[in-house]
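Notes follow once the structure below has been shown.
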Amino acid sequence: MAEGGHQLADTTEFTECWRRTTESPYIMRLALSAGIGGLLFGYDTGVISGALLYIRDDFEQVDKQTWLQETIVSMAVAGAIVGAAFGGYMNDKMGRKKTILMADVVFMLGAIVMAIAPAPWVIIVGRVLVGLGVGVASMTSPLYISEASPAKIRGALVSTNGLLITGGQFLSYLINLAFTKAPGTWRWMLGVAAVPAVVQFVLMLSLPESPRWLYRQGKEDETRVILSKIYRPDEVEEEMKAMHHSIESEKAEEGLIGHSLGQKLKSVWSNDVVRRGLYAGITVQVVQQFVGINTVMYYSPTIVQFAGIASNSTALALSLVTSGLNAVGTILSMVLIDRFGRRKLMLISLIGIFASLVVLSVTFNQAAHHAPAINKLDSLSFGGNSTCKAYTSAPNLSSWNCMQCLHEECGFCANSKNEFLPGACLAGEKIVKGMCREQKRVWFSQGCPSKIGFLAVIILGVYILAYAPGIGTVPWVLNSEIYPLRFRGLGGGIAAVFNWCANLIVSQSFLSMIKALGTSGTFLLFAGFSLIGFVAIFLLVPETKGLQFEEVEKLLQKGFRPFPFNSKKEDVKGKGKEEMNDMP
């Protein structure tokens, strides 16, 4: 019962989700249609990683200026921050459905602007518009799915949003590969993003508003009709009573705190339940970004090139593999989330992330130390103006290797017989790159030839498999269920803003960190963040598996303290009801 104590749902597995959606396909229709918002999110995240390789080829100023590359990537994130900030208010004021429709329109407009962009600054404008749409959709889609899902399968259904995020990323890499040889390359890659937005817009027109939001507006008959399509006949009245009890309590409290956005923001931090929910919701969203995942998604082909893979198409193909693993991991999350719970999945996920990032850091470090040496005669044979100036003026030329050459923003023209043998350190100009390739030699500008480069790609895959089932999916599920209804849109919006702010910090600084700390040092830094994230989640995030929304509210009202910080008295009192909140 929703009005009771912390009654845990019966053991809920993926098979229960399958059973319920088979009984009522309408549930899955709602989840998949709204989840296309996740597809937009994923597509935008993945597509820029491949498009950036070809934007650099078309615009030399982008190729030469790291900050411009970071800006093209991160301006979508900046737009998403604004979108997420207003998205919470729009959700509470206009409803979930209309908010999703507006997000689709803005996203379509941004995709068109990017596709026809004549200059880098126009691409940036398009990226901001796309980001606005993604920011709104990123917190509205899981919220809509959550409120239209039976409690026992809510985690699995909200995970469809996560699955579609990774599906969108996988699709973006397929699209990137499909257009590598087409005229316009990156224009097609970015413009195709409008298609899923159109599809979702059409599908959402035929779907209802969130039943909980409708009930909140006093539309009880409409709510009952929708619930009858989602719940079993004997569950509808129970859910209506639970909503009635919850919303009456909210209205009584609103009489004290007011209705305006300013009043709600002020009351958020004075309300114990909402404040504790935000501690948990913000923590998981920030940790999700600071383990470095979106640097992998935004710059995946570039990272593969750091590992010594020079070809754009090969880098894209290998990135497709990592994106596919992300999708596999998300499917695992759908299977596991209602069996093992949100908290445990995230903690296990972070252990795997930490281990893989440490190994990845060591691998890049070894690759840098065993980079091919520089051949002085070979470097000078291209002509004085073609040789890297930093190399010719260096006091000890014999100590130089490929990594030092690239660090000076020059290029490495690999040995024609064996790319692992000493090669030429040349100026990083487009014309010089052409001279190198005319000799049937491979040009390296992001990473050096390495015999262990593919090992780095494999570890990158392990990292993604550790990330996707836990910290990749669960934060969105948790934020869709941890706030009271009256604050759900606002709470989810605040947490999403923190997610996008963390995303912006990481994506805007990644290439600069690579330049300052090296690839090895950067991934070691992310490993440190994952360790801090583990501690933060262990201390602040309770388990919400199988709980009704009202039960989650009562859990937060009491306050959460993990083992061993809870008292023995509380352990005895809560035994059988909350014991999973005492454990990782």
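Bear in mind the structure is a predicted one, so any value in this text is a computation, not a measurement. For the numbers below, each heavy atom of this structure counts, side chains included, while hydrogens, waters and symmetry mates do not.
Separation of atoms OG (Ser512) and CG (Leu517) is listed at 10.0 Å; rounding is to 0.5 Å. Atom CD1 of Ile165 is separated from atom CG of Asp44 by 11.5 Å, given to the nearest 0.5 angstrom. With rounding to the nearest 0.5 angstrom, the CG atom of Asn499 is 4.5 Å from the CD atom of Gln289. Note that CZ of Phe526 and OG of Ser356 are 12.5 Å apart. Values are rounded to the nearest 0.5 Å. If you take CD1 on Ile100 and CE on Met94, they are separated by 11.0 Å, rounding to the nearest 0.5 Å. Between the CG atom of Leu278 and the CD1 atom of Ile494 there is a distance of 5.0 Å, given to the nearest 0.5 Å.
Sparse packing is recorded around CE of Met102, with 12 or fewer heavy atoms of other residues, nucleotides or ligands lying under 6.0 Å away. The neighbour count for Tyr26 OH, taken as heavy atoms of other residues, nucleotides or ligands under 6.0 Å away, is above 12.
Of all the heavy atoms in Val77 and Leu504, the pair that sits closest is CG1-N, 3.2 Å. Closest non-hydrogen pair, Asn176 versus Thr180, comes out as O-CG2, 3.1 Å. The two residues Ala495 and Asn479 make their nearest non-hydrogen contact at CB-OD1, 3.1 Å. Shortest non-hydrogen contact noted between Leu40 and Val134 is O-CG2, 4.2 Å. Residues Val62 and Arg56 share a closest heavy-atom pair of CG1-CG, 3.9 Å. In plain terms, the two heavy atoms of Ala31 and Ile145 that are nearest each other are O-CD1, 3.5 Å.
The aromatic rings of Phe510 and Phe523 stand perpendicular to each other, their planes meeting at an angle above 60°, with 30° marking the opposite boundary. Taking the six-membered ring where tryptophan is involved, the planes of Trp476 and Phe41 are perpendicular, since the angle between them exceeds 60° and thus also 30°.
Side-chain contact check for Gln217 versus Glu209: every heavy-atom pair is 4.5 Å or farther apart. Proximity of Val477 to Pro142: side-chain heavy atoms (C-beta onward) are nowhere separated by under 4.5 Å. With a 4.5 Å cut-off on side-chain heavy atoms, Trp443 and Leu426 count as touching. By the 4.5 Å heavy-atom criterion applied to side chains, Val284 and Val474 are not counted as neighbours.
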Mind listing the side-chain donor-acceptor pairs of residues 456-464 below 3.5 Å, one per line with the distance, residues two or more places apart or on another chain?
residue: Tyr463; atom: OH; partner: Val291; partner atom: O; Å: 2.9
residue: Tyr463; atom: OH; partner: Ile293; partner atom: N; Å: 3.1

Would you mind writing out the side-chain donor-acceptor pairs for residues 186-208 within the sub-3.5 Å range, not counting sequence neighbours?
residue: Trp186; atom: NE1; partner: Asp58; partner atom: OD2; Å: 2.8
residue: Arg187; atom: NH1; partner: Ala115; partner atom: O; Å: 3.3
residue: Arg187; atom: NH1; partner: Ala117; partner atom: O; Å: 2.5
residue: Arg187; atom: NH2; partner: Ala117; partner atom: O; Å: 2.9
residue: Trp188; atom: NE1; partner: Pro183; partner atom: O; Å: 3.2
residue: Gln200; atom: NE2; partner: Ser33; partner atom: O; Å: 3.1
residue: Gln200; atom: NE2; partner: Ala34; partner atom: O; Å: 3.0
residue: Ser206; atom: OG; partner: Arg29; partner atom: NH2; Å: 3.0
residue: Ser206; atom: OG; partner: Leu203; partner atom: O; Å: 2.9

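Glu222 meets the side-chain contact (heavy atoms from CB on, under 4.5 Å) test with Leu214, Lys219; sequence neighbours excluded. Shown here are the side-chain contact (heavy atoms from CB on, under 4.5 Å) partners of Leu132, two or more places apart in sequence or in another chain: Val82, Val106, Leu129. By the ring pair (Phe, Tyr, Trp, His ring centres under 6.0 Å) test, Phe290 is found to be paired with Phe529, residues two or more places apart in sequence or in another chain being considered. Applying the side-chain contact (heavy atoms from CB on, under 4.5 Å) rule to Ala148 yields the partners Leu30, Pro211, Ile230; only residues at least two apart in sequence or on another chain are considered.
In terms of modelled atom types and a separation under 3.5 Å, the side chain of Thr140 and the main chain of Thr99 share no donor-acceptor contact. For the pair Arg441 (side chain) and Cys413 (backbone), a donor-acceptor distance under 3.5 Å is present. In this structure, Glu147 contributes its side chain and Arg212 its backbone to no donor-acceptor pair below 3.5 Å. Using modelled atom types, one side-chain atom of Ser530 and one backbone atom of Ala527 make a donor-acceptor pair closer than 3.5 Å. Proximity of a side-chain donor or acceptor of Ser74 to a complementary backbone N or O of Glu70 within less than 3.5 Å is detected. Using a distance-only test at 3.5 Å, with no hydrogens or angles considered, a donor-acceptor pair links the side chain of Thr223 to the main chain of Tyr215. Using a distance-only test at 3.5 Å, with no hydrogens or angles considered, a donor-acceptor pair links the side chain of Ser172 to the main chain of Gln169. Looking at Arg127, its side chain does come within 3.5 Å of a backbone N or O of Ile72 through a donor-acceptor pair.
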### Worked check of side chain to side chain donor-acceptor pair (under 3.5 Å) between Glu481 and Thr544
CA-CA 8 Å; Glu481 63 190 12; Thr544 58; 2.4 Å; yes
### Message
For Leu171 and Tyr43: C-alpha separation, side-chain torsions, deciding distance, then whether side chain to side chain contact (heavy atoms under 4.5 Å, CB included) applies.
### Response
CA-CA 7 Å; Leu171 176 64; Tyr43 187 90; 4.2 Å; yes
### Query
Can you check side chain to side chain contact (heavy atoms under 4.5 Å, CB included) on Leu525 and Leu357, steps first, answer last?
CA-CA 9 Å; Leu525 180 64; Leu357 284 172; over 6 Å; no
### Message
side chain to side chain contact (heavy atoms under 4.5 Å, CB included) for Val128 and Val125? Distances and angles first, verdict last.
### Response
CA-CA 5 Å; Val128 171; Val125 170; 5.8 Å; no
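Salt-bridge annotation for Glu60 and Lys430: absent, with no side-chain N of the basic residue lying under 4.0 Å from a carboxylate O of the acidic one. A salt bridge does not link Arg216 with Asp92: every distance from a Lys NZ or Arg NE/NH1/NH2 to an Asp or Glu carboxylate oxygen is 4.0 Å or more.
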